[in-house]
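All chains are named by letter (A, B, ...) in the order of the sequence lines, taking the proteins before the strands, and each is independently numbered beginning at 1.
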12 protein chains.
Amino acid sequence: MGNHVYKHIELTGSSAKSIEDAVSGAIAKASLTLRNIHWFEVVETRGHVEGGKVAHWQVTIKVGFTLEE
Amino acid sequence: MGNHVYKHIELTGSSAKSIEDAVSGAIAKASLTLRNIHWFEVVETRGHVEGGKVAHWQVTIKVGFTLEE
Amino acid sequence: MGNHVYKHIELTGSSAKSIEDAVSGAIAKASLTLRNIHWFEVVETRGHVEGGKVAHWQVTIKVGFTLEE
Amino acid sequence: MGNHVYKHIELTGSSAKSIEDAVSGAIAKASLTLRNIHWFEVVETRGHVEGGKVAHWQVTIKVGFTLEE
Amino acid sequence: MGNHVYKHIELTGSSAKSIEDAVSGAIAKASLTLRNIHWFEVVETRGHVEGGKVAHWQVTIKVGFTLEE
Amino acid sequence: MGNHVYKHIELTGSSAKSIEDAVSGAIAKASLTLRNIHWFEVVETRGHVEGGKVAHWQVTIKVGFTLEE
Amino acid sequence: MGNHVYKHIELTGSSAKSIEDAVSGAIAKASLTLRNIHWFEVVETRGHVEGGKVAHWQVTIKVGFTLEE
Amino acid sequence: MGNHVYKHIELTGSSAKSIEDAVSGAIAKASLTLRNIHWFEVVETRGHVEGGKVAHWQVTIKVGFTLEE
Amino acid sequence: MGNHVYKHIELTGSSAKSIEDAVSGAIAKASLTLRNIHWFEVVETRGHVEGGKVAHWQVTIKVGFTLEE
Amino acid sequence: MGNHVYKHIELTGSSAKSIEDAVSGAIAKASLTLRNIHWFEVVETRGHVEGGKVAHWQVTIKVGFTLEE
Amino acid sequence: MGNHVYKHIELTGSSAKSIEDAVSGAIAKASLTLRNIHWFEVVETRGHVEGGKVAHWQVTIKVGFTLEE
Amino acid sequence: MGNHVYKHIELTGSSAKSIEDAVSGAIAKASLTLRNIHWFEVVETRGHVEGGKVAHWQVTIKVGFTLEE
C-alpha cells in the first residue's frame with residue numbers, strides 16, 4: 001500500500017443487459033487510457049424506460065487508480 | 001426537453017431472481033396505468049431471507065414520467 | 001411481529017460473478033452461526049479491478065435477525 | 001411477499017398531543033381512500049410553537065401500500 | 001394548522017430562463033388539478049447543456065398540499 | 001410571512017418521561033429569553049441508560065424565531 | 001471517561017404502545033446479556049399498519065456499552 | 001487567514017422576487033448587528049404558494065463571521 | 001443513449017450577479033476544452049460577503065460529458 | 001444529567017500545525033465568553049494550500065454547553 | 001481477496017492526546033479478541049471539554065475483519 | 001476572487017504516521033503537475049491494520065484549484 005497517492009474519477013456506464021454489465025463497460029473504457037485502476041464504488045443506479053421496459057441501465061461509479069511515479 | 005413538467009413516484013418491486021428483475025416488474029406494473037415513464041433511479045435494495053437463502057429481492061425505485069398536457 | 005427484539009449486523013460478501021451472488025454468499029456464511037435471519041439491506045457496492053476487468057464484486061449488507069428468547 | 005408491487009406516498013399528520021397521535025391521524029386519513037397500507041417510516045418530526053409551548057406536533061411519514069391487482 | 005393531513009408530491013419543472021421560472025412552471029401545472037398547495041422545497045437543481053450553454057434548468061421540488069375533508 | 005428574517009438555534013432538552021417532554025422543556029427554557037419562537041424540528045433523539053432502563057431522553061431540536069425589527 | 005473503549009450495536013424494539021416503549025423494550029432485552037450499556041441513539045422509526053391503525057411501532061437504536069477490562 | 005476563530009449562524013431570508021434577493025435580505029439584516037461576515041452557504045430553498053403562484057421564496061443560509069479579538 | 005461512457009467533473013463558477021450566471025460561466029469555461037458536455041447538477045451554493053452585501057455567488061456543479069470514441 | 005438544557009454553536013478554528021490544534025484553539029476562544037462547554041463534534045475538516053503545502057488546517061466543530069439557570 | 005466474508009463492528013476509542021491515539025487504542029483493544037482485523041474507517045470525531053480544554057478525543061470507527069473459515 | 005472557475009479533484013494520500021501527513025503527501029504529489037491549488041476538504045479517513053496496529057492512514061481529500069486563463 002505504501003505511500004502511493006490515488007486519484008478518483010466518476011464515470012457512468014450504460015448497458016441494456018444488467019447493472020454488472022454497465023459497470024464493466026465503464027471500467028473497460030477507462031482502462032484504455034488509465035493504467036492502475038484498482039477499485040470502484042457504485043454511486044448511483046438509474047435507467048431509461050421505453051415502452052414500459054428498462055431500455056438501459058445507467059450506473060455511476062467512482063473509480064480509484066494509483067498516480068504514477 | 002421543452003417546458004414539460006415531470007412527476008416522480010416511489011415503487012418497490014420484488015423478485016426471487018435478481019435486482020434487475022425486481023426493477024423491471026415494478027416498471028411493468030406502473031406502465032399499466034401511467035404512460036410516459038422515462039426514467040428510474042434505485043433508492044434502496046433490500047430482501048427477505050428464508051432458511052439462509054435470499055427469498056425475495058426488494059428494490060425501491062423512484063420513477064419519473066411526463067405530466068400529460 | 002409481536003414484541004421481538006431484532007439485532008442488525010454488517011457483513012461484506014464477495015463474488016467474481018454478480019452482486020446477487022456476493023449477497024447470497026454473505027448470508028449463507030452468516031446462517032451457519034445465526035438462526036432467524038429475516039432480512040438484509042444493501043449498504044454499499046464496491047469491487048476490485050484487475051487488468052481492466054472487475055475481479056470481485058464486494059457488497060456490504062446490513063442483516064437483521066431475531067434475538068432468541 | 002410474492003411478486004407484489006408497493007407504492008409509497010409521503011404524508012404529514014399533526015396533533016396537539018403527541019408524535020404517535022400525529023402519525024396515527026395521517027394513517028387513519030389515508031386509509032379512507034387507500035386499502036392495503038402495510039407500513040410507515042417517520043421521515044421528519046417538526047412542530048409549531050405558540051406562547052413558548054408546542055401547539056402542534058407535525059410528523060411526516062412515508063407510507064407503503066400494495067398496488068392492487 | 002389544526003389537525004389537517006398534508007400530502008407531498010415530487011415534481012420537476014424546466015425552463016430556459018431561470019431556476020425560479022422552472023419552479024413556478026411546475027407549481028402552475030400542478031395547481032391545475034390540485035387545490036390547496038401551500039409550500040414547496042427545492043430537492044435538486046440540474047440542467048441540460050447544448051453548445052456550451054445552459055439549454056434548460058430542471059428543478060425538482062417537493063410540493064405540499066392539504067388533503068381535502 | 002412578509003420579508004422577515006428568521007434565525008435558527010440548536011438546543012438539547014432532556015426528560016426522564018418522554019421525547020415530547022424533552023422537546024417541551026427545551027422550548028420553555030428558550031422562551032424565557034427569546035420571543036417569537038415559531039417552530040422546531042427534531043434533529044436527533046438519544047438517551048442515557050442506567051441499570052438497563054432509559055434514565056433520560058435527550059432530544060436535540062433546531063428552533064426558529066423571527067429576528068425583531 | 002478515561003481510556004475506555006466502547007462498542008455500539010444496532011437493535012430494533014417493537015411495541016404496540018409507543019416509540020418510548022419500543023426503545024425501552026430493546027434496551028431491557030439487551031441488558032440481559034450486556035452489562036455497561038450507557039447510551040442509545042434513535043436511528044429509524046417505522047411501524048406496521050393493520051386495518052388503518054398502527055399495530056406496532058418499530059424503533060431501531062444504536063446502543064453503546066463499555067468493553068470490559 | 002491566520003489563527004482567527006469563525007462562528008456560523010443559520011438564518012432564513014424571504015423575498016417575493018428571487019432566491020438571490022432572499023439571501024441578500026438575510027445578510028443585510030444580520031450585518032446590522034454583526035461585523036465581519038465573510039461568507040454564506042445555502043442550506044435549504046423553500047417557498048410558500050398562494051393561488052398557484054410562489055408568494056415567497058424562503059432561503060436558509062449558514063453565515064460565517066470572525067469572532068472579534 | 002447507447003453504450004456511451006460518461007465522465008463527471010466538479011467545477012465552481014463565480015459571479016457577482018446571480019446563481020444562474022455563476023453556473024453558465026463555469027460551463028462556458030469548461031466547454032473551451034471539453035466537447036460533449038450534456039448536463040450539470042448543482043452541488044453547493046455559497047458566496048462571499050463584503051460590507052454586508054453578496055460580493056460573489058459561488059456555485060459548485062457536477063458536469064457530465066461523453067467520453068469520445 | 002438532570003433536566004438541563006444544552007445549546008450548540010458551530011465554530012471554525014484554524015492552525016498551521018494540526019487538526020487537534022485547530023479544535024483546541026476554537027474551544028479556548030469560545031471559553032472566554034461561555035462557561036460550561038462540555039463537548040464538541042468535528043463537522044468538517046478543510047484547509048488552505050500555499051505553494052504545494054498545507055498553510056492552515058481549518059476545522060469546524062459543533063460545541064455544546066449548558067444553558068445557565 | 002477471494003470469497004471471504006467480512007464483518008464490521010463499530011467502536012469508540014478515547015485518548016487525551018490525539019485523534020490517531022484514540023483510533024489506535026480502540027484497534028489494540030479489539031485485537032485482543034478478534035484476529036484478522038484488516039481496515040477501519042473513521043465515522044465520528046467528538047470530544048469532552050473540561051475547563052476550556054479538550055480532555056478526551058473520542059473517535060468512533062467502523063472496523064472490518066475476516067470471518068474465519 | 002473575481003470570475004475565476006475552479007476545478008475539484010479527489011485524491012487519497014497515505015501515511016504510516018498521521019492523518020495530517022497523509023493529506024500533506026497527497027497535496028505535495030498533486031502540486032507536481034497542478035499549479036494553483038488553493039484548498040482541500042477531508043472527505044474520508046480510513047486505514048489499514050496489520051497485527052493489531054494502524055499500518056497506514058488513508059485520507060481522501062477533495063482538492064480545489066483555479067483553471068488557468
Visitor: Compile a table of inter-chain donor-acceptor pairs under 3.5 Å between chain I and chain H, counting both main-chain and side-chain atoms.
Guide:
unit_1	atom_1	unit_2	atom_2	d
I:Ile19	N	H:Glu20	OE2	2.8
I:Thr45	O	H:Val42	N	2.8
I:Gly47	N	H:Phe40	O	3.0
I:Gly47	O	H:Phe40	N	3.0
I:Val49	N	H:His38	O	2.9

Visitor: Under the side chain to side chain contact (heavy atoms under 4.5 Å, CB included) test against I:Ile19, which residue among H:Ile19, H:Val23, H:Val42 passes?
Guide: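 Answer to the side chain to side chain contact (heavy atoms under 4.5 Å, CB included) test with I:Ile19 among H:Ile19, H:Val23, H:Val42: H:Ile19.
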Visitor: Can you find a pair of side-chain heavy atoms, one from I:Val54 and one from H:Phe40, that are under 4.5 Å apart?
Guide: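 I:Val54 vs H:Phe40: side chains touch.
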